[in-house]
S.K.: 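The structure under discussion is supplied below as structure tokens; questions concerning it will follow.
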Amino acid sequence: MKKSGFLFLLLTSFAFTSCSDSDDSEKDLAREVAGQYDGYTVASCAYFSNQVASEQKLSITSTEINKVNVDYASDSWGTISIPDATVVKSGNEYVITGSGTSVMGMQGSGSKDYVCNLNGKIINGTADFTFTCSAVMGGLNITFMQGEIPAETVVPGTYSGYTKADCAYFKDMYADNQKIEITSNGNNTYKISLTSETWGEFTIDEATVTTDGNLFRLEGSGKTLMGMGGNVSEYACTFTGEIDADKENPTFTFSVPAVMGGLTVTFKPGSAPQV
């Protein structure tokens, strides 16, 4: 009897241990990643690159063990639904993959459904998801990243627009088809260049950036080369600028105190007003 009792306890202990191991292996990863994620997106395709959209939201809903629905809705990119995406885990990294539908279209032309694939990761609680729509605009990639937009993502780029110049001798002199190039120096500073047939060349080698929510303010000093009739001189200039996270209305200003009683050249996107 004593031996039988001991054997019974041993079997019972083994059964509980096996059940516990089974529960661990059935751990539901879907519930661990479910929730709403706030962040921003960066989109690129055959026709443009690094188009930023701020204040974006992505939702993950658990459907069954290790399966989730991933939903993304945006004023910029329509809606994307990835049903029953698979969740796997390696170390502290969750990998979420699947395919679904993107619904998007141009204003006035209606919306269409497109096949969309998802490759996503959640590392230490931070989401980084890429949606790929191969049939849209030569291959559209929309990358959602959780958190605040870094300046490095927003500030660099080519800005097209017009300039308005003012000085002691005239006001509101406009020039169309102007371009400003901003590149990163890799040390939290940026190089700004404006080459204009009207105003010459402006170069700011190390502009700094301060962030105020979704607004990025730039400031720096540099030089401008300008002159008349081939007589070009170098002058000191200062630079200020503002870029919103969506790059919808950037404004840049170059000031050259030693030219024409104080010259100010302001750059804005779009076309110059007709005056």
Side-chain angles (χ1 to χ4, degrees), residues 42-45 47-54 75-76 106-108 149 151-185 189-275:
V42 180
S44 298
C45 68
Y47 304 101
F48 58 78
S49 61
N50 299 328
Q51 187 164 317
V52 180
S54 63
D75 290 338
S76 302
M106 300 293 288
Q107 187 174 5
I149 306 177
E152 190 76 18
T153 298
V154 175
V155 173
T158 301
Y159 297 82
S160 300
Y162 68 95
T163 55
K164 181 178 82 73
D166 301 285
C167 69
Y169 304 99
F170 58 78
K171 299 290 183 184
D172 299 337
M173 182 177 289
Y174 294 98
D176 253 325
N177 301 315
Q178 307 289 286
K179 286 188 177 181
I180 287 181
E181 296 280 351
I182 302 181
T183 57
S184 172
N185 293 325
T189 67
Y190 299 85
K191 181 177 180 179
I192 293 101
S193 302
L194 167 64
T195 300
S196 168
E197 292 183 0
T198 305
W199 303 113
E201 298 179 13
F202 296 80
T203 303
I204 311 296
D205 284 324
E206 293 189 334
T208 59
V209 176
T210 56
T211 303
D212 181 8
N214 282 334
L215 185 66
F216 300 85
R217 294 189 174 95
L218 296 90
E219 186 175 292
S221 59
K223 64 182 181 181
T224 178
L225 300 174
M226 61 174 64
M228 300 289 291
N231 296 318
V232 177
S233 298
E234 179 179 312
Y235 303 93
C237 72
T238 60
F239 171 85
T240 59
E242 288 189 352
I243 307 173
D244 60 292
D246 297 316
K247 292 190 174 184
E248 291 182 348
N249 192 33
T251 302
F252 307 119
T253 300
F254 299 90
S255 297
V256 191
V259 172
M260 291 178 281
L263 175 67
T264 299
V265 179
T266 300
F267 174 97
K268 292 184 177 183
S271 299
Q274 300 297 315
V275 294

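Below, all heavy atoms of this structure are taken into account, side chains as well, without hydrogens, waters or symmetry copies. In this chain, numbering begins with 1 at the start of the sequence shown.
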S.K.: I'd like to know if the side chain of D244 and the backbone of L215 have a donor-acceptor N/O pair within less than 3.5 Å.
M.R.: no
S.K.: Assess whether atom NZ of K164 is packed by more than 12 heavy atoms of other residues, nucleotides or ligands within 6.0 Å.
M.R.: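 Result for NZ/K164: enclosed.
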S.K.: Using the side-chain contact (heavy atoms from CB on, under 4.5 Å) definition, which of the options T224, V259, T163 pairs with V265?
M.R.: T163
S.K.: Within this structure, what is the NZ-OG1 distance for the pair K223 and T203, rounded to the nearest 0.5 Å?
M.R.: 6.0 Å
S.K.: Please examine the side chains of S255 and T264, heavy atoms only from C-beta on, and report whether any two atoms are closer than 4.5 Å.
M.R.: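 In short, these two side chains touch, coming nearer than 4.5 Å.
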S.K.: State the OG1-CD1 distance between T211 and I149, to the nearest 0.5 angstrom.
M.R.: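 Atom-to-atom, T211:OG1 and I149:CD1 are 10.0 Å apart.
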S.K.: Checking V256 against F202 for the side chain to side chain contact (heavy atoms under 4.5 Å, CB included) test, could you report, in this order, the C-alpha distance in whole Å, the side-chain angles of both residues, the deciding distance, and whether it holds?
M.R.: CA-CA 10 Å; V256 191; F202 296 80; 3.8 Å; yes
S.K.: Which heavy atom of F267 sits nearest to which heavy atom of Y159, and what is that distance?
M.R.: CZ-O, 3.3 Å
S.K.: Are L263 and W199 close enough, and set up right, to give a side chain to side chain contact (heavy atoms under 4.5 Å, CB included), and what steps lead you there?
M.R.: CA-CA 10 Å; L263 175 67; W199 303 113; 4.2 Å; yes
S.K.: Any heavy-atom pair between the side chains of S271 and D176 that's under 4.5 Å?
M.R.: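 Touching, per the 4.5 Å side-chain cut-off.
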S.K.: Would you say F170 has more than 12 foreign heavy atoms packed within less than 6.0 Å of its CZ?
M.R.: yes
S.K.: With heavy-atom distances below 4.5 Å as the criterion, would you say the side chains of Y162 and P273 are in contact?
M.R.: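 SC-SC contact between Y162 and P273 confirmed.
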S.K.: Please report the interatomic distance CD1(I180) to CD1(I192), rounded to the nearest 0.5 Å.
M.R.: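 Between atom CD1 of I180 and atom CD1 of I192 there are 8.5 Å.
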S.K.: Run I204 and F252 through side chain to side chain contact (heavy atoms under 4.5 Å, CB included) and show every step you take.
M.R.: CA-CA 12 Å; I204 311 296; F252 307 119; over 6 Å; no
S.K.: Which heavy atom of A53 sits nearest to which heavy atom of S76, and what is that distance?
M.R.: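 Scanning both residues, the minimum pair turns out to be CB-OG, 3.7 Å.
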S.K.: Would you say the side chain of N50 lies within less than 4.5 Å of the side chain of T153, judging by non-hydrogen atoms?
M.R.: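 Not touching, per the 4.5 Å side-chain cut-off.
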S.K.: Between K191 and S193, what is the shortest heavy-atom contact and its length?
M.R.: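 Minimum heavy-atom contact is CE-OG, 3.9 Å.
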S.K.: Around K268, counting heavy atoms of other residues, nucleotides and ligands shown, do more than 12 lie under 6.0 Å from its NZ?
M.R.: no
S.K.: Does the N185 side chain pair with the main chain of D205, one donor and one acceptor, at a distance under 3.5 Å?
M.R.: yes
S.K.: Please determine whether the number of non-hydrogen atoms from other residues, nucleotides or ligands lying under 6.0 Å from atom CZ of F48 exceeds 12.
M.R.: yes
S.K.: Given T240 and T238, is the side chain to side chain contact (heavy atoms under 4.5 Å, CB included) satisfied, shown in steps?
M.R.: CA-CA 7 Å; T240 59; T238 60; over 6 Å; no
S.K.: If I compare all heavy atoms of T158 with all of E181, which pair ends up nearest, and what's the gap?
M.R.: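 It is OG1-OE1, 2.8 Å.
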S.K.: Would you tell me whether D246 and S54 have side-chain atoms, one donor and one acceptor, within less than 3.5 Å of each other?
M.R.: yes
S.K.: For the atom pair CD (E197) and CG (N177), what is the distance rounded to the nearest 0.5 Å?
M.R.: 9.0 Å
S.K.: OG of S196 to CE of M226: how many Å apart, nearest 0.5 Å?
M.R.: 8.5 Å
S.K.: Between Q178 and L194, which heavy-atom pair has the shortest distance, and what is it?
M.R.: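 Smallest interatomic distance, heavy atoms only, reads OE1-CD1, 4.3 Å.
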S.K.: Which atom names give the shortest non-hydrogen contact between E152 and Y190, and what distance separates them?
M.R.: OE1-OH, 3.3 Å
S.K.: Out of curiosity, F239 CZ to E219 CD, how far, rounded to the nearest 0.5 Å?
M.R.: 10.0 Å
